[in-house]
Amino acid sequence: MINNGAVANTQKPNLVFFLLDDLGVKDLGCYGSVFHESPNIDSLSKEGVLFRNAYASHAVCGPSRTAIISGRSAPRLGLSQVGGDIRKVDLPWPRVLENNGYVNCFAGKWHMGGADSVLPAGFDVNISGCNVGQVSDYYFPYKKYENKAYGQDVKGMGDGKDGDYLTDAITDKVLAFIDEYKEQPFLVYFSFYQTHKPNIAASQGKKEDVAYFEKKLANTPSLDRNITREVQHGKSVAVETMTQSDANFAAQIKSVDDNVGRVLKKLKELELDENTIVIFTSDQGSLCSNHQGISTQKPYRLGKGWNFEGGLRVPLIIKNPKAKQVGSVNDSVTVSTDLYPTILELLGLDQEPEQHLDGISLIPALQGKELDFNRTFRWAFSKNHESGHRKSAAIRKGDYKLIHWYADSHSELYNVIEDIGENKNLVKNNPEMTDDLMKALLAPDYMEAYRAN
């Protein structure tokens with residue numbers, strides 16, 4: 001048994017942190033989805049606080065994940081393309097927990113460096129973290145997407161058998177970790193490989209779940225299917241999916257929900273649920289455009305890869321068993337870098353203000369207050385993406401958000417309060433606001449980060 005000088009669980013709360021991959025804010029039942037089913041996550045939202053205006057720090061996973069663990073925005077980290085990089089993080093928040101006596105487990109998708117970079121980031125146990133960003137088959141032997149003709153590439157998961165499903169297998173190991181370290185304060189950082197789904201047929205939900213949702217589609221005539229629209233942005237056009245009717249994607253969400261339920265059930269069985277804080281969120285929106293469109297985030301626009309609201313809005317649920325506010329909805333505008341200081345305060349640990357430069361604690365929101373939005377958020381994605389995105393950067397200040405595409409020097413300005421679908425470009429109507437936001441977007445320090453990688 002690992003012992004980091006831990007004291008009894010009655011004195012320190014545990015933390016279970018669920019991070020999803022490519023799950024949009026509109027993909028869960030508790031956020032309004034009719035087709036997808038997520039009863040365990042929906043129940044979690046009724047036991048905690050559901051945030052309706054939570055942003056990711058980046059529109060694709062690697063930079064977003066690095067921002068989450070660092071408390072620093074992706075532009076500040078110099079991450080503006082696809083990959084994450086834990087080497088850019090001085091003090092990840094799991095290491096702060098480890099330094100304070102927690103036993104920490106990482107499980108699932110890492111994608112911020114190789115397997116040898118996981119434990120130094122503050123973890124005592126690494127179940128499956130490595131540089132694999134996507135498997136091409138969720139059934140054993142879990143082939144890596146980039147080398148899909150070869151064998152198992154997910155670290156620590158070579159002990160399976162035919163028929164084993166990756167998400168279930170990782171959860172088995174997570175449950176074993178909780179059983180072993182239940183007497184010590186612990187962190188489970190469960191970063192699901194799902195619901196990431198590139199354009200490969202073998203990236204799948206469980207066969208029986210896919211069949212269930214295909215039957216649901218066939219028996220529910222009111223569910224729209226295969227509806228798309230063209231979205232103009234500068235000189236380019238994207239094809240946006242306008243429905244949630246992909247049985248495979250729905251099955252992946254069900255698999256995640258089932259395994260979230262298994263973890264929560266284990267906490268309850270061990271009588272740890274009243275001393276365990278649970279956080280559930282995603283790294284960015286789901287795929288909603290071009291040949292990869294598998295969902296819709298309407299009324300928000302587009303999804304993963306885009307600096308529109310559909311690509312940046314994410315679910316965020318925080319359950320603090322000792323809080324008075326349960327089953328509530330909060331409209332405070334948050335960003336994923338807020339999780340670092342929030343976690344430290346929830347666990348009663350000292351803040352690290354020199355680290356989490358782009359985050360604030362959400363404790364007042366968890367106490368029922370709505371936080372004033374007086375910050376500036378900036379995003380940068382300096383890469384063309386198969387979702388249809390072309391190199392762009394964005395900034396939100398107050399009610400307004402400006403998106404600028406560099407290839408054709410095209411800008412769009414939206415009031416994202418009055419126009420959440422980003423349908424009315426205000427550049428011509430509000431040149432003064434456009435100029436102010438553009439100057440902030442072109443600030444030398446920001447542009448240096450934008451081009452850093």
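Keep in mind it's a predicted model, so treat the numbers as computed, not measured.
Rounding to the nearest 0.5 Å gives a distance of 9.0 Å between NE2 of His58 and CG of Leu312. Rounding to the nearest 0.5 Å places CH2 of Trp379 at 10.5 Å from OG of Ser73. Within the model, atoms CG of Leu287 and CD of Gln297 stand 10.0 Å from one another, a figure rounded to the nearest 0.5 Å. Between atom CD of residue Glu98 and atom CZ of residue Phe123 there is a gap of 9.0 Å, rounded to the nearest 0.5 Å. Taking SG of Cys61 as the reference point, atom CG of Asp283 lies at 5.5 Å (rounded to 0.5 Å). Interatomic distance, Asn307 CG to Leu402 CG, rounded to the nearest 0.5 Å: 10.5 Å.
In this structure, Lys401 pairs ionically with Glu422, as a charged nitrogen and a carboxylate oxygen lie closer than 4.0 Å. At a threshold of 4.0 Å, the pair Lys254-Asp258 counts as salt-bridged, since one of the basic side-chain nitrogens sits closer than that to a carboxylate oxygen. Under the 4.0 Å criterion applied to side-chain N and carboxylate O atoms, Lys266 and Asp179 are assigned as salt-bridge partners. A salt bridge links Lys319 to Glu47: one of the charged nitrogens lies within less than 4.0 Å of a carboxylate oxygen. Of the charged side-chain nitrogens involved, at least one lies within less than 4.0 Å of a carboxylate oxygen, so that Asp159 and Lys173 count as a salt-bridged pair. Using a 4.0 Å cut-off between charged nitrogen and carboxylate oxygen, Asp209 and Lys216 do not count as a salt-bridge pair. In this structure, Lys268 does not pair ionically with Asp273, as no charged nitrogen and carboxylate oxygen lie closer than 4.0 Å. Under a 4.0 Å N-O distance rule, the pair Asp358/Arg375 does not qualify as a salt bridge.
Enclosure of atom CD in Glu208 by more than 12 non-hydrogen atoms of other residues, nucleotides or ligands within 6.0 angstrom is indicated.
Side-chain contact, Gln194 with Asp22: no donor N or O sits under 3.5 Å from an acceptor N or O. No donor-acceptor contact under 3.5 angstrom links the side chains of Asn104 and Arg95, judged on distance only. Asp27 and Ser286 share a side-chain donor-acceptor pair at under 3.5 Å. For the residue pair Arg313 / Tyr31, no side-chain donor-acceptor distance below 3.5 Å is found, with atom types taken as modelled. With no hydrogens or angles considered, no side-chain donor-acceptor pair links Thr334 and Asp338 at under 3.5 Å. Using modelled atom types and a 3.5 Å distance limit, the side chains of Ser64 and Gln284 yield no donor-acceptor pair. A side-chain donor-acceptor contact under 3.5 Å links Gln244 and Ser33. Using modelled atom types and a 3.5 Å distance limit, the side chains of Asn275 and Lys322 yield a donor-acceptor pair. For Tyr340 and Gln351, the side-chain atoms include no donor-acceptor pair closer than 3.5 Å. Checking Ser289 against Trp306 by side-chain atom types alone, a donor-acceptor pair falls below 3.5 Å. Judged purely by distance below 3.5 Å, without hydrogens or angles, the side chains of Ser387 and His385 pair a donor atom with an acceptor atom. With 3.5 Å as the limit, one finds a donor-acceptor pair spanning the side chains of Glu309 and Tyr55. Using a 3.5 Å distance cut-off with no hydrogens or angles, the side chains of Asn14 and Thr276 do pair a donor with an acceptor.
Residues Pro13 and Leu346 share a closest heavy-atom pair of CG-O, 4.1 Å. Scanning both residues, Ile420 and Ile417, for their nearest heavy atoms gives CG2-O, 3.7 Å. The two residues Leu371 and Ser332 have their closest heavy-atom pair at N-OG, 2.7 Å. Counting all heavy atoms, side chain and backbone alike, Ser191 lies closest to Arg65 at OG-NH1, 2.5 Å. Leu344 approaches Asp350 most closely through the heavy-atom pair CD1-O, 3.4 Å.
Inter-residue side-chain proximity for Arg87 and Ser117 is flagged as unmet; no heavy-atom pair is nearer than 4.5 Å.
Without hydrogens or angle criteria, Asp137 side chain to Tyr142 main chain gives no donor-acceptor distance under 3.5 Å. In terms of modelled atom types and a separation under 3.5 Å, the side chain of Asn259 and the main chain of Ser255 share a donor-acceptor contact. Looking only at distances, no side-chain donor or acceptor of Asn415 sits under 3.5 Å from a matching main-chain atom of Tyr400. With Asn320 contributing its side chain and Gly48 its backbone, the two residues share no donor-acceptor pair below 3.5 Å. Under a 3.5 Å cut-off, the side chain of Arg72 and the backbone N or O of Gln355 do form a donor-acceptor pair. Between the side chain of Ser38 and the backbone N or O of Gly29 there is at least one donor-acceptor pair closer than 3.5 Å. A distance-only check finds no donor-acceptor pair linking the side chain of Thr66 to the backbone of Ile86 [under 3.5 Å].
Seen from the ring of Phe377, Arg396 does not count as a face-on cation partner, given the 6.0 Å and 45° thresholds. Judged by the 6.0 Å and 45° rule, Lys109 forms no cation-pi pair with Tyr193.
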Full working for ring-ring contact (aromatic ring centres under 6.0 Å, His included) between Tyr181 and Phe177: CA-CA 6 Å; Tyr181 297 105; Phe177 170 87; 4.9 Å; yes

- request: Applying ring-ring contact (aromatic ring centres under 6.0 Å, His included), run through Tyr189 and Phe17 and close with a yes or a no.
  value: CA-CA 5 Å; Tyr189 194 120; Phe17 183 80; 4.8 Å; yes

- prompt: Can you check ring-ring contact (aromatic ring centres under 6.0 Å, His included) on Phe35 and Phe213, steps first, answer last?
  reply: CA-CA 8 Å; Phe35 180 51; Phe213 283 104; 5.5 Å; yes

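Proximity of the aromatic rings of Tyr139 and Tyr165 is defined here by a centroid distance below 6.0 angstrom, and this criterion is met. Aromatic ring centroids of His36 and Phe249 lie under 6.0 Å apart.
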